[in-house]
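We count residues from 1, following the sequence as given. Please read all numbers here as calculations on a predicted model, not as lab measurements.
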Amino acid sequence: MRRWAITLVVLALCGLAAGCSGGGSAPSTPAPPGVTISPPTISVRAGATQSFTAAVKGETDPNLTWLVNGTPGGNAAIGTIVLTSLTSAVYTAPATVPSPNTVTIQAQVTVDPAVAAAAQATLLNPIPQITAISPSPVNAGPFFITVIGAGFVSGATVNFGSTALATTFLSSTELTASGTAGASQVGAVPIVVTNPDPGSAVSGVYSAQVAAGTAVSADVADRFLQQTTFGPTPALIAQVQQEGLQTFLANQFNLPVSPYADPAAGEMGLGPLQQRFFLQLLGAPDQLRQRVAFALSQIFVIAGDKINTAVAFTPYLRLLEADAFDNYRQIMQDVTLSPAMGHYLDMVNNDKPNPALGTHANENYARELMQLFTIGLSFLNDDGSLQLDGSGNPIPTYTQDTVVAFARAYTGWTYPTQPGATAQKHNPPYWDGPMVALDSNHDTDPKQFLQYPGAANGGLAPSGQTAGQDLTAALDNIFNHPDVPAFVSRQLIRRLVTSNPSPAYIQRIAAVFKNNGAGVRGDMQAVVTAILLDPEARRGDDPATASPADGHLQEPILFMTGLLRVFGATSDGSGLAGQGASMGQTALFPPSVFNFDSPNFVIPGTHTVGPEFQLLTTSTALARANWVNALAFGSLGTGTKVDYSSFAAQASNPAALLDSLDTLLMHGSMSSSMQTGILTAMKAVPAGTNQALNQARTAIYLIASSSQYQVQR
C-alpha cells in the first residue's frame with residue numbers, strides 16, 4: 001500500500017513539473033522586442049558622415065525611424081540622418097559644431113516607437129586643409145596673407161614656421177593672417193592651420209615661399225600708390241619697389257602725424273584753410289594717413305556752409321588725422337564730442353526735453369550718426385547685402401522712437417569751456433577740445449536704444465545716468481550693432497579701392513573689422529591693411545586679371561592732386577579749391593551731410609554703382625578737360641608751377657616717353673589703340689625749338705583728359 005502511495009505522489013509531482021522522465025516539454029516564452037545600434041558611441045568631425053546599423057528583435061514589422069536629438073531625420077544644426085537600407089542609415093554631421101557637441105542618434109520601430117535604442121555621437125571640428133595662399137611669394141618683412149582651403153572654423157590659427165600669426169576667420173574656406181618674415185626665412189617656410197577644440201586638428205603642411213627681394217614692378221607700385229596716397233611720385237614708386245607693399249604700409253602707419261598749422265590771427269573764412277588743405281594732400285609725408293582721414297571726412301561730414309571759420313574747422317581735420325589709424329569706436333567718440341560736429345549737426349547745447357514748454361531734444365545728430373556714419377537704414381548681411389523680411393522687404397535698423405531715445409541721450413553737452421572762463425549751461429562757441437556736459441541739463445529718464453542679439457541690457461539705458469554714462473552706453477550700443485562692420489567696410493573700400501566691391505570682398509573686410517585677429521573690434525589699421533592687400537584690391541595689378549567693374553572715377557580732388565604730385569608740381573595751394581569747384585567738388589564745402597556724392601549712386605543707364613559719377617556732368621567734364629589743358633599747356637595760376645623738361649628730354653624716343661607716362665599715370669594699363677593714337681598725335685607736333693616739350697605736353701594732355709586715366713582700375 002505504502003509503495004503504491006509513494007508512486008502516485010511522485011507521478012503527481014512529475015505531472016505538475018511537466019519535466020519528469022517520460023513526459024513532454026513545456027512551450028518556451030518569446031523574447032521581448034528590442035533594438036540595438038552599432039556603434040553605440042562614436043566621434044564624428046563636422047561635415048563628415050558615419051554609418052549606423054540596427055538589429056531588431058521580436059517585431060513582425062522591423063521598419064525603423066531614425067532620429068537625431070529626437071528630431072526625425074535631424075536638421076542642419078545638429079546633423080541629418082537618412083536610411084540606406086532596412087536596418088542601416090548614414091548620419092551627416094553639421095558643418096559647424098553645435099554646443100553642446102554631443103548628439104543622440106536614435107532608431108525606433110516605426111509601428112512601435114517605444115521600442116528604440118540610442119547611440120551617442122561626439123562632434124569634433126574638421127581637419128583643416130590648405131590649398132593656396134595669397135600673395136605668393138611672401139616678401140620678407142611685414143606681411144598680410146589670405147589662406148585658402150577648406151574646413152576652417154572660428155578660432156583657427158595660422159602658423160608661419162614656428163610662429164603663430166594674428167589670424168582672422170573669414171569663412172570655412174578663407175583665413176587672413178599677418179606677421180613678419182625674417183631675412184633668415186627666405187626660401188620655403190611651412191604653413192599649417194590649427195583648428196581649436198573640440199577635436200583640435202592640424203592641417204597638412206603647405207610650403208610658402210618667402211622672397212628676399214620685393215619683386216614689385218613699377219606698374220604695381222604705381223597702382224598701389226593710387227589707392228594709398230594722393231598720387232604717385234617717381235620717388236614713392238621707387239620706394240614701394242624697394243620695400244614692397246606690406247613694408248610700405250607698415251612704414252606709413254609708423255609715421256608721425258603731419259598736423260594742420262594754426263590759423264593766422266584774424267583769419268576770415270575758409271580760403272586760407274583750403275590752401276593748407278591742398279598743401280597737406282600734396283606734400284605731407286604721411287600720405288596714407290591723409291588719404292584715410294579724407295575718406296573719414298566723407299563719412300563723418302561737416303561743411304563750410306555752417307562751419308565757415310578756420311578756428312572751428314581746423315581742429316576737426318586734426319581729429320580725423322589723429323584717429324585715422326585708431327579704433328572706429330574712438331573715432332565715433334571723438335567726432336561725437338567735437339564742437340565742430342556738435343555745431344554742424346546741432347548736438348551742442350542740446351537741452352533736455354521740457355514738457356511745460358513743449359520742447360524736445362534735437363534729433364539731427366542722433367539720426368545721422370546711425371544712418372550715415374555707422375549702420376544705415378536697413379539690416380545688412382556680413383557681405384553688405386540687405387536682409388529681407390518674409391515679404392521681401394528690407395528690415396529697418398531703427399525707428400523714430402529709437403532716434404528720440406538717442407537724442408535724449410545726447411542732451412546736456414555744450415562747447416568746451418574757454419581757458420579762465422566759468423562753465424555755463426550754454427558755453428559760448430569755442431573749438432579746442434571736446435564738448436563738456438552739464439548733467440543738470442541732461443535727460444536722466446530711461447532710454448531704449450537699438451535692440452539686436454547680444455545688445456547689452458537689451459539696449460536699455462537705465463534711469464539716473466549722467467550725460468557721460470548715457471553717451472558711452474549709446475555709442476557702445478551702436479558700435480556693437482551687427483551692421484557696423486559691413487556698412488563701414490563698404491564705405492572705406494569705395495573711397496580707397498573700388499566703387500563696386502564684391503559681396504565677398506566686403507565680407508572679408510567686415511570680418512577683420514569684427515576681429516583683427518587679437519579679438520579687437522574696429523581696429524582701423526587692420527581694416528585699412530586688409531582693404532588694400534585684399535586679393536580683389538590687388539587683382540588689377542596684372543591688367544589681364546582686372547575686372548571691368550573694378551576701380552572708380554577719380555573725384556576732382558584726387559584727380560588734381562594725382563596729376564600735380566606725379567609731375568612734381570610746386571604749389572602754395574592757392575586757386576586749387578576754386579578749380580575743384582568748377583569740376584563739382586569744393587574742398588571743405590560738401591553740399592550736405594550726405595557728402596559730395598551718394599555712396600550708392602548708380603551710373604545712369606547701368607546697374608553699376610559709381611558715386612563720383614554723380615559729380616560728372618557735361619559742364620564738369622568740360623571743366624576737367626580745360627583744367628588738364630591749363631596744366632599741360634597753360635597756367636594754373638601764379639601759385640602752382642610744373643616743369644616738364646625731364647619729359648621733353650625723353651621725347652626723342654616718343655614710344656619710350658609714352659611707356660614712361662603709361663607707368664606713371666596708368667600703371668601700364670594703356671590700351672594699344674590709345675597708344676597708337678597718342679603716338680600719332682606726338683609725331684604730328686610741328687618741328688621747331690619747342691617740339692620736344694610740346695610732344696611731351698601733348699601726350700600728357702591726351703592721357704590725363706582720357707577716360708582710361710580718369711577711371712582708375
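- No donor-acceptor pair under 3.5 Å is formed between the side chain of Q491 and the backbone N or O of A295.
- Partner of L123 under the side chain to side chain contact (heavy atoms under 4.5 Å, CB included) criterion, chosen from P198, P100, P98, S99: P98.
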Using the side-chain contact (heavy atoms from CB on, under 4.5 Å) rule, take L369 and T374 through it: C-alpha gap first, then chi angles, then the decisive distance, then the call.
CA-CA 6 Å; L369 177 58; T374 54; 4.1 Å; yes

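- In this structure, F449 has its ring center closer than 6.0 angstrom to the ring center of F406.
- With salt bridges taken as basic N to acidic carboxylate O contacts below 4.0 Å, one links R495 and D597.
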Derivation of the side-chain contact (heavy atoms from CB on, under 4.5 Å) call for I493 and I509
CA-CA 9 Å; I493 293 169; I509 307 308; 3.8 Å; yes

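- The two residues Q448 and G458 come nearest to each other via the heavy atoms NE2-O, 2.9 Å.
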The test is side-chain hydrogen bond (donor to acceptor under 3.5 Å, both in side chains); show your working for T336 and Y365 and say whether it passes.
CA-CA 8 Å; T336 299; Y365 185 71; 2.6 Å; yes

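- A donor-acceptor contact shorter than 3.5 Å links the side chain of S203 to the backbone of V193.
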Residues L296, D323; criterion side-chain contact (heavy atoms from CB on, under 4.5 Å); working and verdict
CA-CA 9 Å; L296 291 172; D323 285 358; 5.6 Å; no

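- No donor-acceptor pair closer than 3.5 Å links the side chain of K57 to the backbone N or O of A55.
- In this structure, OG1 in T53 is found 12.0 Å from CG in L86, a value given to the nearest 0.5 Å.
- A donor-acceptor pair under 3.5 Å is absent between the side-chain atoms of E174 and the main chain of R508, judged by distance alone.
- A donor atom on one side chain and an acceptor atom on the other are not found under 3.5 Å apart for E536 and T498.
- Checked by atom type and distance alone, the side chain of S489 never pairs as donor or acceptor with a backbone atom of I506 at under 3.5 Å.
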For N477 and Y452: C-alpha separation, side-chain torsions, deciding distance, then whether side-chain contact (heavy atoms from CB on, under 4.5 Å) applies.
CA-CA 9 Å; N477 174 259; Y452 52 85; 3.8 Å; yes

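- Residues D382 and Q507 have side chains that never bring a donor and an acceptor to within less than 3.5 angstrom of each other.
- Nearest heavy atom pair, residue V153 against residue P196, reads CG2-CD, 3.4 Å.
- In this structure T194 satisfies the side-chain contact (heavy atoms from CB on, under 4.5 Å) test together with T157, S200, V202, sequence neighbours excluded.
- In this structure, R521 satisfies the cation-pi test against F479, with its NZ or CZ atom closer than 6.0 Å to the six-membered ring centre and inside 45 degrees of the ring normal.
- Panel note: side chain T131, backbone I148; a donor-acceptor pair is recorded below 3.5 Å.
- Checked against the 6.0 Å centroid threshold, Y398 and H481 do not count as a close aromatic pair.
- Distance check: L175 CG to F152 CZ gives 4.5 Å after rounding to the nearest 0.5 Å.
- Closest heavy-atom contact between S547 and R539: CB-NH2, 3.5 Å.
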Apply side-chain hydrogen bond (donor to acceptor under 3.5 Å, both in side chains) to residues R494 and N600 and explain how you reach the verdict.
CA-CA 10 Å; R494 285 178 171 171; N600 300 314; 3.1 Å; yes

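- Formation of a donor-acceptor pair under 3.5 Å by the S88 side chain with backbone atoms of T84 is not found in this model.
- Inspection of the Q400 and R367 side chains reveals an N or O donor paired with an N or O acceptor under 3.5 Å.
- Here the closest non-hydrogen pair linking A119 and I37 is CB-CG2, 3.9 Å.
- Between the CD1 atom of I299 and the CG atom of L492 there is a distance of 4.5 Å, given to the nearest 0.5 Å.
- Below 30°, between 30° and 60°, or above 60°: for Y328 and F300 the angle between ring planes is between 30° and 60°, a tilted geometry.
- The backbone N or O of N327 sits nowhere less than 3.5 Å from a side-chain atom of Q330 that would complete a donor-acceptor pair.
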Going through the checks in order, is the side-chain hydrogen bond (donor to acceptor under 3.5 Å, both in side chains) test met by N516 and D523?
CA-CA 6 Å; N516 68 350; D523 178 354; 2.9 Å; yes

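- Formation of a donor-acceptor pair under 3.5 Å by the D483 side chain with backbone atoms of L380 is found in this model.
- Applying the salt bridge (charged side-chain N to carboxylate O under 4.0 Å, His left out) test to pairs two or more places apart or on separate chains, those with a residue in residues 397-409 are R408-D443.
- For R329, the salt bridge (Lys or Arg N to Asp or Glu O under 4.0 Å) partners at least two apart in sequence or on another chain are D476.
- Here the OG1 atom belonging to T146 is positioned 7.0 Å from the CG atom belonging to L170, to the nearest 0.5 angstrom.
- To the nearest 0.5 Å, atoms CZ (R490) and CD1 (I531) are separated by 13.0 Å.
- Across every non-hydrogen atom of V35 and V109, the tightest pair is CG2-CG2, 3.9 Å.
- With no hydrogens or angles considered, a side-chain donor-acceptor pair links D383 and S385 at under 3.5 Å.
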For side-chain hydrogen bond (donor to acceptor under 3.5 Å, both in side chains), just list the numbers for T65 and T110, CA-CA rounded to whole Å, side-chain angles, deciding distance to a tenth of an Å, and then say yes or no.
CA-CA 5 Å; T65 299; T110 304; 3.1 Å; yes

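- Judged purely by atom type and a 3.5 angstrom limit, Y410 has no side-chain atom pairing as donor or acceptor with the backbone of A474.
- N381 approaches A486 most closely through the heavy-atom pair O-CB, 3.6 Å.
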